[in-house]
Amino acid sequence: MSDLFEDYAVAAARTGAYDEMFAPDQVARPTYRQLEEALASLDLADVSSRADSMARTFLDRGVTFDYAGEERPFPLDIVPRVISAPEWNVLERGVAQRVRALEAFLNDVYGRMSVAADGVVPRRIITSSKHFHRQVHGFEPAGGVRVHISGIDVVRDGEGTFRVLEDNVRVPSGVSYVLENRRAMAKGLPEAFSQQPIRPVEEYPRRLLSALRRTAPAGVDEPTVVVLTPGVFNSAYFEHTLLAGLMGVELVEGRDLICRGNRVYMRTTAGEQRVDVIYKRIDDDFLDPLQFRSDSMLGCPGLVNAARAGGVTIANAVGNGVADDKLVYSYVPDIIRYYLGEEPIIANVDTFRLEEDGAREEVLDRLDELVVKPVDGSGGKGLVIGPDASPEELDALRQRLVEDPRGWIAQPVLQLSTVPTLSGNRFGPRHVDLRPFAVNDGDDVWVLPGGLTRVALREGSLIVNSSQGGGSKDTWVLAESRNMPIEAEPRHSISIRERTSVWPVESSWRDRQAEQQQ
C-alpha cells in the first residue's frame with residue numbers, strides 16, 4: 001500500500017463510520033482493489049501535481065462556486081468513489097421508485113388531495129408547507145409531468161446501508177459537476193479508467209433534452225426548449241450555461257421572454273419566437289411577479305397563466321417544493337405504499353416530527369444528541385448538530401422549536417460513510433453523501449449512472465455542502481459486463497448529438513458563455 005495511506009487505519013477508527021474503500025482490517029474491498037493498485041503506484045508529488053492540474057482546469061473552465069462571497073474552483077478530490085453494479089442496481093430502482101411516488105403525490109395534492117382524505121398525510125402538513133402554491137391548484141401540466149428532473153440525496157449509515165436523506169424535486173442542481181468531474185478525472189487518473197468497466201455519464205444532456213421535448217404541449221411537433229436562468233450572479237450559472245450549450249438550446253433570462261395570449265415568446269434578433277418548454281432554474285417565488293413576488297425582476301409576468309392554459313411546459317412544475325419539505329419527506333415511505341402498493345426500496349433516515357407532542361418532548365430532552373434541520377432549509381443552512389453545539393446555541397434552538405415545531409425535524413447523528421480523500425500529504429477518511437439525478441419523460445424514469453458525490457473536506461465534519469466548504473468526487477458506477485456502455489478511454493471533451501442538433505465544441509461553448517456574461 002502507498003505511504004499516502006500510512007495513518008489511514010487510525011483515522012478511520014476515530015470516525016467510527018463505514019469506510020467504503022477499506023474493511024476494518026485495512027484490506028481494500030473488492031470494488032476498490034483495482035483503484036488501490038493504481039493509487040499505489042503514485043507518490044505524493046504525483047498526486048499533488050495531478051490535483052493541482054485538475055483545480056487549474058476547473059478554474060480555466062469556470063467551474064467555480066461562491067464560498068463566503070468569493071468565487072473558487074469547485075474542489076474535486078483525486079480519489080473517485082466507486083459503486084459496484086449490484087449496489088447501483090438497488091440505488092437505481094430505489095431512486096426511480098421514489099420519483100414515481102412523488103410524481104403521483106404532487107399530482108394528487110394539487111388535485112383531489114386523496115392522500116389527505118385517506119389519512120396518509122395530514123392535510124395541515126401539506127397546506128402549511130412554504131412551497132405549497134394554491135396558484136396552481138387544479139392545474140395539470142402540459143405533458144403530464146411535474147418532476148422532470150430530480151436529485152435524491154442518499155447516504156450510507158454505519159452498517160454501509162444506503163438511506164435517503166432528502167428529496168430535491170424543485171430546482172435540483174449539481175449535475176454539471178458530475179459531467180465536469182468525469183472530464184477532469186479522465187486526465188487526472190487515466191490509468192484507472194483502463195482497468196475497470198466504468199459506466200459513462202455523458203448521456204445526461206441528451207436524455208434531459210429528450211424528456212423536455214416529449215413533455216411539450218400537445219400539437220407541437222418540433223418544440224423549442226430554453227433554459228431560464230436568474231443570470232450571471234447566480235451561484236449555479238455555470239451549470240445553466242453548460243446544460244444549455246450541451247443541449248443546443250437557448251439560455252434566456254426573464255427579460256428575454258414575453259407572454260401574450262397564454263403563449264410564451266422569446267425575443268431574438270430575428271423577431272419573436274415561440275417557446276414551448278422552459279427548463280427553469282429559478283425558484284417559484286421569483287418566476288412570475290403576477291402570481292408570486294411582485295418585486296421580482298428575474299421571471300416573466302404571465303408564465304403561470306400560460307402554463308395553466310397549456311401553452312407552455314415548465315420544468316420542473318411550479319409547486320413541486322411541497323415534496324422537498326423535510327416534514328413531508330418523513331411521510332414518503334407511506335406515500336410509496338399508498339400510490340405504488342410497494343415497499344420502499346431505500347429506507348429513510350429515522351426522523352422525529354416535532355409537530356407531534358411525544359416526538360417533540362423526546363427531541364427537547366435529547367437535543368444535544370440529535371441533528372435538527374429546518375424543513376425548508378437547503379445547502380446546510382440552519383442545520384444544528386447537537387453534539388457540536390454550545391449550551392447557548394442549544395438553548396436558542398430549544399426556544400425556536402417550541403415556538404415553531406412545524407418548521408423543524410430532528411434525526412439521529414449519522415456517521416456518514418467515508419472515502420479516502422487527499423488532505424495535506426496523506427489520504428484521510430472524509431464523510432460523503434451522494435446525489436443521483438433522475439430524468440422523467442412521463443413513460444420512464446432514467447437514473448444517471450453515478451451522480452454527485454459531495455465530501456466534507458475537514459476531518460470529522462459531516463457538512464458536505466459546497467456552500468459550507470465541502471468538495472466533490474467523481475462517482476464511478478461499475479458495469480455488470482463489458483457489453484454495457486462504458487468509458488472506453490479518457491476523454492478531453494464531451495460531444496453529444498440529438499436529432500439534427502449539433503453540440504458545440506469547446507471553443508464555441510466558450511464563445512457562448514462569453515456572450516451570455518456580456
Side-chain angles (χ1 to χ4, degrees), residues 11-12 14-20 64-77 79 81 151-158 162-168 172-174 177-178 181 235-236 324 326 329 348-352 363 367-390 392-394 396-397 400-401 407-424 427-436 451-473 475:
R14 279 199 304 267
T15 69
Y18 177 89
D19 191 79
E20 298 195 13
T64 61
F65 71 103
D66 181 81
Y67 179 69
E70 178 184 351
E71 283 295 315
R72 300 183 180 181
F74 193 68
L76 171 62
D77 187 66
V79 181
R81 182 193 207 161
I152 309 297
D153 291 350
V154 297
V155 297
R156 284 188 193 262
D157 61 17
F162 281 108
R163 291 177 176 269
V164 175
L165 186 64
E166 65 180 50
D167 303 295
N168 298 277
S173 64
Y177 299 133
V178 178
N181 286 355
S235 60
D324 285 1
K326 292 180 176 60
Y329 151 90
N348 274 17
V349 174
D350 296 336
T351 303
F352 294 94
V363 169
L367 208 52
D368 59 344
E369 304 173 11
L370 302 171
V371 177
V372 182
K373 304 176 181 179
V375 298
D376 60 349
S378 62
K381 296 176 182 177
L383 178 149
V384 178
I385 301 176
D388 297 338
S390 67
E392 293 76 18
E393 289 172 328
L394 292 178
L397 176 62
R400 291 198 294 271
L401 300 185
W408 301 82
I409 61 164
Q411 296 172 332
V413 177
L414 277 184
Q415 289 299 324
L416 311 182
S417 61
T418 57
V419 177
T421 302
L422 184 63
S423 176
F427 289 122
R430 296 294 185 268
H431 297 288
V432 295
D433 76 351
L434 175 65
R435 175 174 291 180
L452 178 63
T453 289
R454 299 181 296 182
V455 56
L457 297 179
R458 290 189 296 108
E459 183 176 5
S461 174
L462 297 173
I463 307 298
V464 300
N465 308 83
S466 59
S467 59
Q468 306 293 316
S472 73
K473 289 177 173 289
T475 308

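Treat the numbers as computed from the prediction; the structure is a model and nothing was measured.
In terms of modelled atom types and a separation under 3.5 Å, the side chain of His431 and the main chain of Ala456 share no donor-acceptor contact.
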- Message: Working note: Leu383 + Val371, criterion side-chain contact (heavy atoms from CB on, under 4.5 Å); need CA distance, chi angles, decisive distance, verdict.
- Response: CA-CA 7 Å; Leu383 178 149; Val371 177; 3.9 Å; yes
- Worked verdict on Ile385 versus Ile463 for side-chain contact (heavy atoms from CB on, under 4.5 Å): CA-CA 10 Å; Ile385 301 176; Ile463 307 298; 4.0 Å; yes
- Message: I'd like to know whether Leu422 forms a side-chain contact (heavy atoms from CB on, under 4.5 Å) with Val79, so could you lay out the CA-CA distance, the side-chain angles of the two residues, the decisive distance to 0.1 Å, and finally the verdict.
- Response: CA-CA 8 Å; Leu422 184 63; Val79 181; 6.0 Å; no
- Task: Quick one: do Val432 and Ser417 satisfy side-chain contact (heavy atoms from CB on, under 4.5 Å)? Show the steps, please.
- Result: CA-CA 6 Å; Val432 295; Ser417 61; 3.8 Å; yes
- Task: Could you give me the CA-CA distance, side-chain angles and deciding distance for Thr453 and Arg81, then say whether side-chain hydrogen bond (donor to acceptor under 3.5 Å, both in side chains) is met?
- Result: CA-CA 7 Å; Thr453 289; Arg81 182 193 207 161; 3.3 Å; yes
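When all heavy atoms of Leu434 and Gly451 are compared, the closest pair comes out as CD1-C, 4.0 Å. Residues Pro429 and Thr15 come closest through the heavy atom pair CG-CG2, 4.2 Å. Among all heavy-atom pairs drawn from Val464 and Arg454, the shortest one is O-CB, 3.7 Å. Listed here is the closest heavy atom pair of Arg430 and Ser423: NH2-OG, 3.1 Å. Summarising the geometry of Tyr329 relative to Val349, their closest heavy-atom pair is OH-N, 2.9 Å, with the distance given to 0.1 Å. Looking at every heavy atom in both residues, Leu457 comes nearest to Pro75 through CD1-CB, 3.9 Å.
At a threshold of 4.5 Å between non-hydrogen side-chain atoms, the residues Val419 and Val455 do not count as touching. In this structure, the side chains of Arg435 and Ser173 come closer than 4.5 Å at one or more pairs of heavy atoms. Between Gln415 and Leu462, some side-chain heavy-atom pair lies under the 4.5 Å cut-off. Arg163 places a side-chain heavy atom less than 4.5 Å from the side chain of Asp350. With contacts defined as side-chain heavy-atom distances shorter than 4.5 Å, the pair Trp408/Leu397 qualifies.
Lys326 and Thr351 share no side-chain donor-acceptor pair at under 3.5 Å.
A salt bridge between Lys373 and Glu166 is absent, with no side-chain N of the basic residue lying under 4.0 Å from a carboxylate O of the acidic one.
Between atom CG of residue Asp324 and atom CG of residue Asp167 there is a gap of 7.0 Å, rounded to the nearest 0.5 Å. Rounded to the nearest 0.5 Å, atoms CG (Leu452) and CZ (Phe74) are 5.5 Å apart.
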